[in-house]
Amino acid sequence: MAKKGNILVVDDEAIMREILEALLAREGYDVALASDGQEGLELARTRTFDAAVVDVMMPGMDGITLLDELRKLDEELPVVLITAFASVENAISAMKRGAFDYITKPFKNDEVLAVVRNATERRRLVAENTALRQNLQAQQQNFSGIIGRGSGMRQVFDLIIQAAPSRSTILITGESGTGKELVARAIHTHSTRADRSFVTVNSGNLPSDLLESTLFGHVKGAFTGAVYPKKGLCDIADKGSIFFDEIGNVPVETQAKLLRVMQEREFMRLGGVENIKVDVRIIAATNCDLQQMVEDGRFREDLYYRLHVINIVLPPLRDRREDIPLLAQHFMEKYARENNRTGIELTPDALDLLMEYGWPGNVRELENVIERAVVLGSGGRIGPDLIPAQVRTPTHIHIPKFVVPPEGISFKDVISNVERKLIESTLEAAGGVQRRAAEMLGIKPTTLNEMLKRHDIGQRRKRTPGAHADGHETSRMKPAVSVPDLTGE
Ligand SMILES: Nc1ncnc2c1ncn2[C@@H]1O[C@H](COP(=O)(O)OP(=O)(O)OP(=O)(O)O)[C@@H](O)[C@H]1O
Ligand SMILES: [Mg+2]
């Protein structure tokens, strides 16, 4: 007989255990018995129960304490308490502490069965719910291989789902490495054309006649060397999708022909006279500012509007830092698999560096950094030493919390001290070259020079903080104020 669930029964009285066991087993439950709290807890540690029936009054660990302990092990475990009528008050307070229900002694068999049935039912619902939620989360964090959990990427996922089924043209914009090509593929995968071809056109830097013959094919004798007629990518993409990667690079001459494909869904072969009908979904991507190109006369305005029907904007990675841990994990697993390695993890310090960096190359750059670390690292841990220098150099400085003593501080002194430390650190990073240090700080060399004089910092000489005779400004510092280290270490 299929078991209805595992029930843990904890009672110090042997006769009660026997009654409950017989009753529950007859209903089809699997029953485990324990004669005190400790034993019950041991059982709960080694297996999962669907409900527990626990006597309140027991020598040693009482039922209420056991309830707390059981819920520490398994927050969702429904615990049913059995209590003498006299201690109902206790039972009610136990309900507030998370007991599922209570039964007073003497009890009726039906009553016990009803409560246990409710408990296991609730357990099942909660479990289903958790599974659903986890599923949903997994879905939201990995959409067709696109990783992201922040609101920025979730909006992108939503747009893909909404826009994919139609035949509308979609323009994907975003900086280099933000995942435009992944999104283009996801659109195709979620469309009704998924079982037809997805054709990518790398519009970058092809001369217009070559690009056009690639796209539209040519007739025999269209140009020298065109001995045979040839079909183009538009033919291959018929009933499927065609993806124009870097549409901003399409020469103006070819743009007019593209417009025709979009508007009329037809094209002509190079050297041909016949109109050829085609049913394609057009997806385009660019990291150029097409609007600016329109203004500069490098991109046709009518084509721009045709493309711009639905625009998916991919945010740069620095604007969705919440995705960095998940992406790092994803790439770590990917490259660990490729290199037959297991158990690779990122140290918190290394993750901190990744979280702080500006990622001008976006996800592609992050992927490269992780690949390099996995390949170069021999151990299981990826620490800061495996993160390349460009990432390690902080792009912005975090100022830790100040400890301000109750007797107060001198604002001017603290700021002055911070200023000095910042200048010293920058000078050190600039190898003592003042012009470079000024550049790094975004100030004029003359301003830096004034500051150096004010702080009595020697020229082209590394100084450790406090190594020089304190100027009169710093000597007034109240010692209890800790000045944060600004080097980002
Ligand atoms: N959200 C993401 N989840 C997982 N991988 C991603 C994600 N975004 C980008 N990648 C990966 O980063 C790399 C770059 O992505 P992709 O080629 O799609 O970027 P792109 O925007 O087309 O860049 P470019 O403008 O330089 O062509 C690819 O290896 C891709 O798989
Ligand atoms: Mg691309």
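Computed from a predicted model, the values in this text were never measured in an experiment. In what follows, every heavy atom counts, from backbone to side chain, and hydrogens, waters and symmetry copies are set aside. Indexing begins at 1, ligand by ligand and atom by atom, following the structure's order.
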Trainee: Taking the side chain as every heavy atom from C-beta outward, state whether Met355 and Pro325 have any atom pair closer than 4.5 Å.
Mentor: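 Yes, side chains in contact.
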Trainee: Quick one: do the Glu246 and Ser203 side chains pair a donor with an acceptor below 3.5 Å?
Mentor: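 No - no donor-acceptor pair under 3.5 Å links their side chains.
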Trainee: Give the residues near ligand 1 by chain and number, with the criterion being a heavy-atom distance under 4.0 Å.
Mentor: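 Residues within 4.0 Å of ligand 1: Gly145, Ile146, Ile147, Glu175, Ser176, Gly177, Thr178, Gly179, Lys180, Glu181, Leu182, Asn287, Leu327, Phe331, Val363, Arg364, Glu367.
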Trainee: Going by side-chain hydrogen bond (donor to acceptor under 3.5 Å, both in side chains), name the residues that satisfy it together with Ser144, two or more places apart in sequence or in a different chain.
Mentor: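 In terms of side-chain hydrogen bond (donor to acceptor under 3.5 Å, both in side chains), with neighbours along the sequence ignored, Ser144 is linked to no residue.
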Trainee: I'd like to know if the side chain of Arg71 and the backbone of Glu76 have a donor-acceptor N/O pair within less than 3.5 Å.
Mentor: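 Pair absent, no side-chain N/O of Arg71 close to backbone of Glu76.
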Trainee: Can you confirm whether the side chains of Gln291 and Glu295 place a donor and an acceptor under 3.5 Å from each other?
Mentor: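 Absent: no donor and acceptor within the cut-off.
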Trainee: Does the ring center of His190 lie less than 6.0 Å from the ring center of Phe157?
Mentor: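 Centroid separation for His190 and Phe157: 6.0 Å or greater.
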